[in-house]
Amino acid sequence: MRSSILIIEDREEEYIWIRTLLGGIESFSPNCTRVLDFQEALEKTKTEFFDVILFQYNSRNSLDILKKAQILLPLIVISENQESKEILKNSKINFSDLLLKENVSTDLLDRSIRLVLQAKTTEENLNLLKIGIERSKDIFLITEASPIDEPGPKIVYVNGAFERLTGYKREEVLGKTPRILQGPKTDRAILDRIRKAISEAKPCFEEIINYDKDGKEYWIEMDIFPIVNEQGIVTHLMGIERDITERRNSEERIRHSQKMEAVGQLAGGMAHDFNNLLNVILANLDLLEMKLKDSEDLMKRVRSAQDAIQRGVEINKRLLAFSRKQALNPESCDVNRVLKDFIPILDRIRTEKIEIEYEIADEKTVCDIEKTGLENAILNLALNARDAMPDGGKIFISTGFVRNGDTKGPKISGLEEKDYFLVTVTDTGTGMDDITKARIFDPFFSTKGGGKGTGLGLTMVYGFVKQSNGFLKVITAPEYGSSFLIFLPLHEQGKDEQLVATKKKTLVMEENRETAELACVYLKELGYEPHVSSDMKRLAKFFSGDPEISFVLLDLQLADSKGIDLKKELERFGSGKIIATSSSRVESLELPNTIPLVRKPYTKTSLKEAVRNIGEILP
């Protein structure tokens, strides 16, 4: 073992005595450097590294320089007498070891240096471990071992990764239990398995949903194990956790894609066989038509059967397109122009009860798509929207440009970090529950009842978007309508034709994550940099005059769930620029005229109008 020792000694004979003692140590050969006083020692430590500082002390020496220097290196002191030793004990300096001169020997000095160096090494290792844990991307969480049941074990330590993922500061959670991270979708069965394992002092590994400070859910995998003391008693529980939200989302997308691929292969195989049957039937009907020209009644039956066959052919085309066995013929085209030219066809959906509103951008935006595929997709979505509004309503069809490649602002989940053309079809109809939403792209699934649909309309939309290397997102709220968002990748040259807007920050405070994401899409199109939060402290900061935020999109249900009396807050601070949103009726809340109310789900038109109403200047 090598060590570097700084010796403070101005007396030659005493220095020789100390060196002689050190030279007698057989286990290691220390590298010694001599200085004459504390001041010189302080200067030396600024330029060279030492493991230990060793010096003699008597009551005539002054410790003032040593006190002021606050040297962090281990200090071993040899006191000349008992009086000097007492002075050292009562000083505020932290000495690693105090030795009485009359007892000092080579063995004692060897043992003292060894213990000091071992303690120093241990401390350095602990510091390295602490730095590693604090900088780790994994969460390290330590709790007391008990009580396992209510109120639960208290948290005694969390690292920086915990703060970054959950949004909680360390001081906010110390003394509380990890149960503050649980929420509606946290699986009770998994919690029971964890409880059983820790009650039996066994390690366990689980994946579970937790919730951050803003109420946003995330998936973690966690490895929990007991910490046992020298007596074999469990004193604490250690949890090492990792955020696997993106992995779970990717796995879910892969599972869904595999399911759709399997269904597509089945549908494709059936469609080819069905085509052969249709050809045989159609050929025989043509022969019958030639033989039955003189019988008008029978000819009507033949023509009816021929019409049915043609409808079967159209359904077959949809099946083949969904299964990707009917190739698309993509071309570079201006999608805004394609949709504007298609408006006369879409207008035929209008009735006395159904309105259609368009907001098609004027900019030339080029994508590589099959023109008729896009037209059919929008027509299918518009027809579905009409059928979802039996008592009447409005359909909104809009286009825009989404910069998902921006380095700032939230990213749209499921999309690559690049720019997209966006087509949105929104209705004010009945909306869908989660069970229905999960099945809408399955072939032959329909909510329209017998004889009112094939169940292939949305399947066709899905097939077109996937074959165009795009992404389809659905946001819906029961009784308040649905929004279908088609993201299509831009033709490479099309990017350069877009205008870059100067972005201002805006705050989106929404209870529903998907609805917040839709708002972010529209706000990005309108030239803003949206930031999502459900922390009411952000709202209070805005009320107090936050110069960075242009306006707030505030969900009234979120404010109510957080116990915020919005009317009182508005009277206290003034309204500022606020747009209120709601998925229920809020007639009982008297909002100032300066605060527009937007109903969920959002349409870009209604949100754009609200932004203008609060005085924001839009291009």
Side-chain angles (χ1 to χ4, degrees), residues 125-229 233-255 410-411 413-414 513 516-517 532-535 537:
N125 289 339
L126 288 173
N127 285 334
L128 289 173
L129 181 61
K130 183 179 179 181
I131 291 170
I133 289 174
E134 282 298 324
R135 294 185 179 179
S136 171
K137 292 182 179 180
D138 293 340
I139 289 175
F140 284 76
L141 183 148
I142 302 176
T143 71
E144 297 174 347
S146 61
I148 296 174
D149 296 317
E150 292 293 343
K154 294 179 180 178
I155 298 172
V156 298
Y157 173 79
V158 293
N159 68 339
F162 178 92
E163 294 182 314
R164 292 190 293 273
L165 179 62
T166 67
Y168 286 102
K169 295 296 181 184
R170 207 165 309 207
E171 57 271 16
E172 292 181 277
V173 298
L174 295 180
K176 297 181 180 179
T177 81
R179 295 177 186 182
I180 62 173
L181 304 174
Q182 297 172 14
K185 293 185 182 179
T186 305
D187 195 325
R188 189 75 248 171
I190 296 176
L191 294 176
D192 289 341
R193 290 202 298 269
I194 294 172
R195 184 198 176 283
K196 184 175 186 297
I198 62 178
S199 65
E200 296 173 356
K202 295 179 179 178
C204 63
F205 183 86
E206 297 288 354
E207 295 183 0
I208 197 167
I209 291 178
N210 273 351
Y211 292 79
D212 66 14
K213 187 177 180 180
D214 289 340
K216 181 181 177 182
E217 66 183 50
Y218 60 91
W219 276 94
I220 58 166
E221 61 179 20
M222 53 184 178
D223 191 0
I224 303 174
F225 53 90
I227 298 176
V228 182
N229 65 11
I233 299 172
V234 177
T235 60
H236 294 84
L237 299 170
M238 166 72 88
I240 302 176
E241 304 172 358
R242 176 170 296 176
D243 180 12
I244 58 168
T245 307
E246 187 57 38
R247 190 193 82 192
R248 292 287 298 222
N249 290 341
S250 297
E251 289 172 351
E252 184 60 33
R253 286 194 292 269
I254 290 171
R255 279 195 295 269
K411 298 291 185 291
S413 61
R513 179 177 57 82
E517 198 169 57
V532 180
S533 176
S534 60
D535 186 355
K537 290 180 181 178

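The chain is numbered in sequence order, starting from 1. FYI, side chains are in, hydrogens and waters are out, and symmetry mates aren't considered; it's all heavy atoms of this structure.
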Smallest separation among heavy atoms of [X] and [Y], with atom names:
X    : Y    : result
P203 : P226 : N-CD, 4.1 Å
I194 : M222 : CD1-CE, 3.1 Å
D223 : C204 : OD1-O, 3.4 Å
E144 : P153 : O-CB, 3.0 Å
L141 : P178 : CD2-CG, 4.1 Å
L165 : Y218 : CD2-CE1, 3.5 Å

Return the [atom1] to [atom2] distance between [X] and [Y], rounded to the nearest 0.5 Å.
X    : Y    : atom1 : atom2 : result
I208 : Q182 : CD1   : CD    : 6.5 Å
E221 : I139 : CD    : CD1   : 11.5 Å
K137 : D243 : NZ    : CG    : 11.5 Å
I148 : I198 : CD1   : CD1   : 5.0 Å
E171 : K176 : CD    : NZ    : 10.5 Å
I227 : I233 : CD1   : CD1   : 14.5 Å

The criterion is salt bridge (Lys or Arg N to Asp or Glu O under 4.0 Å); which residues satisfy it with [X], sequence neighbours excluded?
X    : answer
K213 : E172
K130 : none
R135 : none
K202 : E200

| request: Could you tell me whether the side chain of L174 reaches within less than 4.5 Å of the side chain of Y168, counting heavy atoms only? | output: no
| If we only count heavy atoms from C-beta on, is the L181 to V173 side-chain gap below 4.5 Å? | no
Contacts under 3.5 angstrom, residues 155-163 side chains, donor-acceptor by atom type, not counting sequence neighbours:
from : atom 1 : to   : atom 2 : distance (Å)
Y157 : OH     : E134 : OE2    : 2.5
N159 : OD1    : F140 : N      : 3.0
N159 : OD1    : F162 : N      : 3.4
N159 : ND2    : I133 : O      : 2.8
N159 : ND2    : D138 : O      : 2.9
E163 : OE2    : R170 : N      : 2.8

| query | Using 4.0 Å as the upper bound for N to carboxylate O, is an ion pair formed by D149 and R195? | reply | yes
| field | Salt bridge flag under 4.0 Å for residues D192 and K196 | value | no
| side chain to side chain donor-acceptor pair (under 3.5 Å) against E207, all qualifying residues, sequence neighbours excluded | R247, R248
| said: Check whether D212 reaches the backbone of D214 with its side chain - one donor and one acceptor, N or O, closer than 3.5 Å. | reply: yes
